[in-house]
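Report on the following structure.
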2 protein chains.
Amino acid sequence: MKEERISLKHGEGTRQAYELIQDVFLTRIKNPALEELADAASVDSLAYTCDSFTVSPIFFPASDIGKLSVCGTVNDLCVSAAVPLYLSLAVIIEEGFLKKDLERIVDSIGREARNSRVKIVTGDFKVVEKGKVDKIFISTSGIGKKIPKRSSAFRNIQHKDKIIVTGSIGEHGISVMLARNKIFDFDITSDCQGLADVVIPLWERFPAIRFMRDPTRGGIASTFNEIYLGSKMGVKIIEENVPVRKDLHTACEILGIDPYYLACEGRAIIVVSPKAASEVLRFLKKYSPAAAIIGECDRNIKGVMMKTIAGGERILDFSHSFNLPRIC
Amino acid sequence: MKEERISLKHGEGTRQAYELIQDVFLTRIKNPALEELADAASVDSLAYTCDSFTVSPIFFPASDIGKLSVCGTVNDLCVSAAVPLYLSLAVIIEEGFLKKDLERIVDSIGREARNSRVKIVTGDFKVVEKGKVDKIFISTSGIGKKIPKRSSAFRNIQHKDKIIVTGSIGEHGISVMLARNKIFDFDITSDCQGLADVVIPLWERFPAIRFMRDPTRGGIASTFNEIYLGSKMGVKIIEENVPVRKDLHTACEILGIDPYYLACEGRAIIVVSPKAASEVLRFLKKYSPAAAIIGECDRNIKGVMMKTIAGGERILDFSHSFNLPRIC
C-alpha cells in the first residue's frame, strides 16, 4: 500500500487543505476557539492569530516578505473585529543570506509596524544550513483587542446579507507570479497593505457587519467557499460587479488563470445586512473607490454560484487544480 | 568589497547572534518590551513569546519536533513568571512529507498541550516545494497570564544572589547529536519537558526569585553570559556543583564538546536571594532530585567565571566557535 504524502495542494486554500486541517489537526488539538477556523481566535477580550510567510520571490513589486508578514497578521486581526496591538516575529534564514537583504526586510517590517501602529514585542531568529530553507521564512503572530459588541463569525451570517469587496482583486497574486516569470511586461504591483485604517472604523461605525475575511491564499473564491462551509449559506456573486483591473484581466487570460483564485493581501470581503450595505459601501469608497457590492448570501443556493458577464451561471468551487504555491 | 552574509554562528546563542539581534533587529523595530530581550515580552497583564523549531532529526530519543515546539514556548512563558494559556501553531512542511509522520507530530503536540494545560487556539499550515524546506519547520507563539507581583528581569538581580539549575544539563543537545551520529551508542534521551508543574509553584511560593531563564541554544554558558550582559552582574560557577550525568560527560569527552554549551529543553536557571536559596532548592528537589545551587552573582566579576573541579579558574564566554545548528 502506498503511503499517503502531503502535496502542494494541501497548503493552498483548496478543498484538500480544508480537509487536511480538519482530519490531521482538529481531531488532535480540538478546542472551541480553534474549531471556529477564524482568521483569529477569540480568547477572553483578545484576538490571537498567526501566519507563516514563505513567499517566493522575497522581493516583489511594491512589497516584500517583510511587509507581507506584518500586513498578513495585522489584517487577520482587523477582519476579526480587533485592533492590532502586538506582534511576534520569528525568522528562519538560510546560511549565506546577504545581511543587506535582511536589513532591507527588517526595515520593511519596522515601517509597516509603524504604519499599522503595532509593536513587535517578541522574536526569534534561527539560521539553518545552506539548502535547508529557501532564503528566508518568517512567522508572525499577533494579539489584538476585540472591539466590544462586534464579531466576525459564520453564525452571524443571514439570508440575503450583502457581500462587499473593499477593492480590486488578485493584484498580490499576479504581481508575485509576474515577478517569477519576467517574460511578461505588466505593471501590476501587489495590493499588500495593512487594513486597520479602513476596517477598524467600519467595525466601530456599523454594527450591521456580520462577517469579514481577507481573501489571501485561494482568493475570493476560497473565501466564499469557506463562508458556505462555515455558515451553510450559499453565495451568489455577480461577475460584472467584481472589481478587476483591466490589465490584470489581460494578464490572467495570457497566463490561463482565473482572477477569483488569486490571492489579495490588502482586501477584505465583508458580509453586511442588506439594509446597511449601501451606507457601508459609501463609507468604504472614501478610502477605496473600487469597493463594490458583489453579491449576496442565499440559503437556497448550495455552494458558490456566479452569474457571469455572458449571462450564464458558473459554480465557483474551491480550486481543485494546482494554484500558486508560496504566494504568501 | 565583500558583502556580509549571515552564517550559522548568527543563529546559535553566540556573541555574533547577540550582536546581530542588536544591530539588525533592535535598531529597526525598537520598543521597550522588545529591548528587554526577555524570554517573553510583558504586555499589560500578559506575557507573550514566540519561537521557531527547525530541529534535525525531527524525531529524536524521547521526543520530537512537535513536543519540542510546545515545550519551548510553554517554558519561555513559565520562566517569565506567567501561567501558559494559549498557543499558536504555524507549520511549514515539505512537499512529499509522509502524512503519518505529520500525524505523529501533531499527536505529540496535542499530548504536550494537554500535559501543559495550554490550548492551541490558532494555526497556519503551508506546504512548500520539495527541497525548499528540510522536512518540517514549526513556529509557535504563546500567551500567558502574568503571576501578580512576580517578574523575571535582569534589573532584579543583586550582588550575591544564588544561581540554581533545576536539573542535570545538556541532555537535549547531546541526544539530538547522538541521533545524528548513530555510531555512538549512548542511552541519553532529551530532557525536553514542560516546566509549568515545577516552575509555576516556585514563582507563587517564593517572592525571592529574581530571574529565571531556560538555557536552550548555547546552553547554560550562554544564559550566564546573557545575565552578565543584561544585569552587569558577573557570574561565578562552581563546576563541581553543576549536575552532569556521567554518561553525558563521557559522550562529551568522546565528541570533544563542552556540556556547558549544550542545549537543555526542560531545565531552568533560577537566580534567587541568598537567604531563600536553600528553601527553594529543597522545594525543587521534590520534583527534580538533581537540582543544585551551582554558583552566585558577583558584581566584582567581569563576565562568567567557573571554578573548575581541578581547582583552577576558567572563563565561560559565549561560544565563539561553531555550536550545533538546528538543535531546536
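Convention: sequence-line order gives letters A, B, ...; per-chain numbering from 1.
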TODO: Against chain B, label A:Leu37 side chain, backbone, both or neither, depending on which of its atoms sit under 4.5 Å from a heavy atom there.
DONE: neither
Open item on the list: Please give me the minimum heavy-atom distance between B:Arg28 and A:Asp107, naming the atom from each residue.
Closed with: NE-OD1, 2.8 Å
- [ ] Using a 4.5 Å cut-off on heavy atoms from C-beta on, say whether the side chain of B:Lys126 contacts that of A:Asp51.
- [x] yes
Open item on the list: What part of B:Ser7 gets within 4.5 angstrom of chain A, counting heavy atoms only: side chain, backbone, both, or neither?
Closed with: backbone
Open item on the list: What I'd like to find out is whether the side chain of B:Phe25 reaches to under 4.5 Å of the side chain of A:Ile109, using heavy atoms alone.
Closed with: no
Task: Interface moiety of B:Ile92 toward chain A, non-hydrogen atoms closer than 4.5 Å - done: side chain
- [ ] Between chain A and each of B:Ile29, B:Val106, B:Ile93, B:Thr140, count heavy-atom pairs under 4.5 Å; write down the option with the most.
- [x] B:Val106
TODO: May I ask you to name which of B:Ser141, B:Gly110, B:Ala38 has the most heavy-atom pairs under 4.5 Å with chain A?
DONE: B:Ser141
Open item on the list: If you compare all heavy atoms of B:Gly96 against all heavy atoms of A:Arg5, which two are closest, and at what distance to 0.1 Å?
Closed with: O-NH1, 2.6 Å
TODO: Rounded to the nearest 0.5 Å, what's the gap from OH on B:Tyr48 to NZ on A:Lys119? Could you check?
DONE: 14.0 Å
- [ ] Would you mind telling me which of A:Glu94, A:Glu95, A:Arg114 has the largest number of heavy-atom pairs within less than 4.5 Å of chain B?
- [x] A:Glu95
- [ ] Please name all residues satisfying ring pair (Phe, Tyr, Trp, His ring centres under 6.0 Å) with A:Phe211, sequence neighbours left out, ordered by chain then number.
- [x] A:Phe154
Task: Least distance between heavy atoms, A:Ile120 atom then B:Asn31 atom - done: O-ND2, 2.8 Å
Task: For B:Asp23, all residues meeting side chain to side chain contact (heavy atoms under 4.5 Å, CB included), sequence neighbours excluded - done: A:Lys99
Open item on the list: Return the CG to CG distance between A:Leu20 and B:Leu102, rounded to the nearest 0.5 Å.
Closed with: 6.5 Å
Open item on the list: Under 4.0 Å between a side-chain nitrogen and a carboxylate oxygen: does that hold for A:Asp124 and B:Arg217?
Closed with: yes
Open item on the list: For a quick test of reading the model, state the closest non-hydrogen atom pair linking B:Val128 to A:Leu8 and the distance between them.
Closed with: C-CD2, 3.6 Å
Task: Close side-chain approach of B:Phe137 to A:Thr54, heavy-atom, < 4.5 Å - done: no
Task: Greatest number of heavy atom pairs closer than 4.5 Å to chain A - which of B:Ser56, B:Ser42, B:Ala90, B:Ala113 - done: B:Ala90
Open item on the list: Please rank A:Gly11, A:Ser52, A:Ala17 by heavy-atom pairs under 4.5 Å with chain B and give me the top one.
Closed with: A:Ser52
Open item on the list: Please classify the contact of A:Arg111 with chain B as side chain, backbone, both or neither, using a heavy-atom distance under 4.5 Å.
Closed with: neither
TODO: May I ask you to list the residues in residues 81-89 of chain B that approach chain A closer than 4.5 angstrom, counting heavy atoms only, ordered by number?
DONE: B:Tyr86, B:Leu87, B:Ser88, B:Leu89
TODO: Search all heavy atoms of A:Ser139 against all heavy atoms of B:Ser139 and return the closest pair with its distance.
DONE: OG-OG, 3.0 Å
- [ ] Indicate the atoms forming the closest heavy-atom contact of B:Thr122 with A:Ala41, along with that distance.
- [x] CB-CB, 4.1 Å
- [ ] Using a strict cut-off of less than 4.0 Å between a Lys/Arg side-chain nitrogen and an Asp/Glu carboxylate oxygen, indicate whether A:Lys100 and B:Glu4 qualify as a salt bridge.
- [x] no
Task: Most chain B-contacting option - heavy-atom pairs closer than 4.5 Å, from A:Val43, A:Ile21, A:Thr27 - done: A:Val43
Can I get a per-line list of side-chain donor-acceptor pairs under 3.5 Å for residues 129-136 of chain B, giving both atom names and the distance, sequence neighbours left out?
from: B:Glu129; atom 1: OE1; to: A:Arg326; atom 2: NH1; distance (Å): 3.1
from: B:Asp134; atom 1: OD2; to: B:Arg326; atom 2: NH1; distance (Å): 3.0
from: B:Asp134; atom 1: OD2; to: B:Arg326; atom 2: NH2; distance (Å): 3.1

Task: Portion of B:Leu98 that has a non-hydrogen atom of chain A nearer than 4.5 angstrom - done: both
